[in-house]
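Working notes for the structure below.
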Amino acid sequence: MKLTISKLESFFLVLSLAFYLNFVTFLTSFLSYGGASGDASAAAAGNPINQLVGISLLFLSILLIVRKQSISAMFFVKQGYPWILLIVFFIAALQWSESPSISFRRIVAFSTLIAVTFVLAQIYSPSSLLKCVYQLIIVSVIVGLFWTIIQGKPLSFGLGDRAAGFRGIFSDKNGAARLYAYGLILGIGLQQYKSKAQLSGLAILGVAISLSQSASAIVLAGMGSGLIILFRLSKSGHKQQNLLRFILTIAFVIFLSYILINLYSYILEFLGRDPNLTNRAIIWELITPSIEENFYLGYGFGTFWASAASSAFIERWGFIGNAHSGYFEVMLHGGIVAFTIFIYLLFIFIKRIFWTYINRPSESINELLLALLIVQISGNYVAYIILNHNSADMFIFSLSFFISARMYLSQKRENTLAKV
């Protein structure tokens with residue numbers, strides 16, 4: 001049987017989604033390759049099957065870039081140059097990394113995720129690609145529910161029993177809960193509520209979030225769904241009106257955010273959580289001296305928790321693997337230099353989405369991408385979401401980035417041709 005580019009693309013899509021949405025790790029857990037945990041050396045060792053799949057995805061990404069005429073390395077540079085800046089800096093940081101071997105593996109995994117999401121965003125239309133992600137998240141919930149029941153683990157609705165939080169096919173409760181929240185946001189943004197079958201998919205995700213025992217997932221799902229509805233209602237078919245309405249909408253969102261910040265402690269108390277965000281504030285306070293010690297260049301990509309600098313923290317609190325905040329974690333990775341590049345990357349992402357939202361009011365995917373971006377930027381404060389080299393969070397963030405970049409550059413070309 002001849003392997004065509006079309007078949008290769010389909011295989012690439014399936015393998016990518018299965019890998020980054022945790023199906024590969026879940027299946028390999030039955031072979032005692034369930035992922036490393038427990039201490040820094042175990043986490044650094046990784047999962048050999050995951051590493052093999054990751055290398056395969058990197059090879060397939062390069063192959064498709066070389067073989068497909070609609071994709072080129074120049075497209076990648078135009079769309080993803082902020083990522084290139086970040087990767088180049090992390091490569092340079094190998095010279096002062098606390099553990100160059102760990103940093104190198106993290107850089108390869110991180111670069112693979114960026115390459116994979118770039119290629120996927122060029123091959124498939126935004127709605128079809130995000131719909132695949134949405135449907136596979138629902139499948140992960142169904143498989144996870146069956147697996148939890150088979151194992152005889154407890155399931156509990158509400159926020160009272162964290163130990164009974166629904167993990168499904170994931171090892172991390174909070175990571176699973178965030179993915180279910182993204183699923184609900186995707187379903188609403190893609191308008192997957194027009195039939196009974198579609199409504200049942202949203203209901204499944206609602207059940208998963210309710211079982212996750214995660215206050216953050218409930219907040220993120222509610223925030224993202226509300227933002228989609230708000231941006232959709234405020235959109236106008238005329239560019240000038242759309243700009244004015246968008247400015248007013250953003251002003252309203254900022255005002256609402258200010259109110260929520262002032263009601264912060266009351267909201268946490270209502271949701272049964274402490275003001276320290278389940279000890280996150282304590283963690284940040286303890287690692288701040290380490291950040292200040294290597295303020296400019298950091299410890300190298302992914303190596304702080306394997307360095308001597310973290311030993312005092314680990315002796316007191318045990319190995320936790322990350323700072324439970326993407327913003328603190330990027331400072332540990334590369335200090336203020338990496339943080340500056342990271343903020344620049346966010347600026348480019350925000351600018352492209354804003355511009356596309358205003359100039360392509362007929363494109364319904366814009367409000368979904370905008371809501372996802374705001375949700376992930378907000379969630380990154382209390383969780384390691386962005387720059388987490390091979391997580392589902394980072395996969396969705398990077399995929400959204402390249403979908404937005406493709407739409408932005410495409411519209412720019414159309415506008416240029418229209419003026420000729």
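If you read the sequence from its start, that first residue is 1, and numbering goes on from there. Note that these values count all heavy atoms, side chains included, but never hydrogens, waters or copies made by symmetry.
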Between F12 and L63, does a side chain to side chain contact (heavy atoms under 4.5 Å, CB included) hold up when you go through it step by step? CA-CA 11 Å; F12 180 70; L63 180 63; over 6 Å; no
Counting only heavy atoms not in [X], do more than 12 sit closer than 6.0 Å to its [atom1] atom?
| X | atom1 | value |
| --- | --- | --- |
| F146 | CZ | no |
| F104 | CZ | no |
| Q151 | CD | yes |
| F59 | CZ | no |

Using a 3.5 Å distance criterion without hydrogens, assess whether the side chain of [X] forms a donor-acceptor pair with backbone atoms of [Y].
| X | Y | result |
| --- | --- | --- |
| N388 | S391 | no |
| S212 | I209 | yes |
| S72 | F75 | yes |
| S97 | A93 | no |
| T112 | V108 | yes |
| S128 | S125 | yes |
| S410 | M407 | no |
| S234 | F246 | no |
| S310 | F304 | yes |
| Q213 | S156 | yes |

Option passing side-chain hydrogen bond (donor to acceptor under 3.5 Å, both in side chains) with Q122 (candidates Q79, R406, K68): Q79
Could you tell me the separation between the [atom1] atom of [X] and the [atom2] atom of [Y], rounded to the nearest 0.5 Å?
| X | Y | atom1 | atom2 | answer |
| --- | --- | --- | --- | --- |
| E329 | I385 | CD | CD1 | 12.5 Å |
| L372 | L368 | CG | CG | 4.5 Å |
| H333 | I107 | NE2 | CD1 | 10.5 Å |
| I386 | L346 | CD1 | CG | 5.5 Å |
| I403 | L130 | CD1 | CG | 4.0 Å |
| L179 | L21 | CG | CG | 6.0 Å |

Walk me through whether I87 and F110 qualify under side chain to side chain contact (heavy atoms under 4.5 Å, CB included). CA-CA 8 Å; I87 291 169; F110 181 73; 3.8 Å; yes
State, to 0.1 Å, how close [X] and [Y] come at their nearest heavy-atom pair, and which atoms those are.
| X | Y | result |
| --- | --- | --- |
| A323 | I283 | O-CG2, 4.0 Å |
| I228 | A371 | CG1-CB, 3.5 Å |
| Q198 | Y193 | OE1-N, 3.3 Å |
| L94 | S103 | CD2-CB, 3.5 Å |
| T303 | S99 | CG2-O, 3.3 Å |
| S61 | V116 | OG-CG2, 3.4 Å |

Which of W355, F349, F402 passes ring-ring contact (aromatic ring centres under 6.0 Å, His included) with Y408? It is W355
For a 4.5 angstrom cut-off between non-hydrogen side-chain atoms, does [X] reach [Y]?
| X | Y | result |
| --- | --- | --- |
| S290 | Y299 | yes |
| L227 | L370 | no |
| Y20 | L57 | yes |
| F231 | I250 | yes |
| V141 | F166 | yes |
| K131 | Q192 | yes |
| F90 | L86 | yes |
| S16 | L120 | yes |

Checking S398 now: which residues fulfil side-chain hydrogen bond (donor to acceptor under 3.5 Å, both in side chains) with it, not counting sequence neighbours? T117
Mind running side chain to side chain donor-acceptor pair (under 3.5 Å) on Y384 and D393 for me, showing each step along the way? CA-CA 9 Å; Y384 184 25; D393 296 281; over 6 Å; no
Near-ring test [Y]/[X], centroid separation under 6.0 angstrom:
| X | Y | answer |
| --- | --- | --- |
| F395 | F19 | no |
| W284 | Y381 | yes |
| F118 | W83 | no |

Could you check whether E9 and Y124, counting side-chain N and O atoms only, form a donor-acceptor pair closer than 3.5 Å?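 No donor-acceptor contact under 3.5 Å links the two side chains.
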Any side-chain donor-acceptor pair under 3.5 Å between T28 and N50?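 Side-chain D/A pair, T28 to N50: absent.
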Does F301 form a side chain to side chain contact (heavy atoms under 4.5 Å, CB included) with I102? I'd like the steps, not just the answer. CA-CA 8 Å; F301 191 29; I102 293 176; over 6 Å; no
Hey, mind stepping through L184 and L202 against side chain to side chain contact (heavy atoms under 4.5 Å, CB included) and telling me if it holds? CA-CA 6 Å; L184 193 66; L202 291 177; 4.0 Å; yes
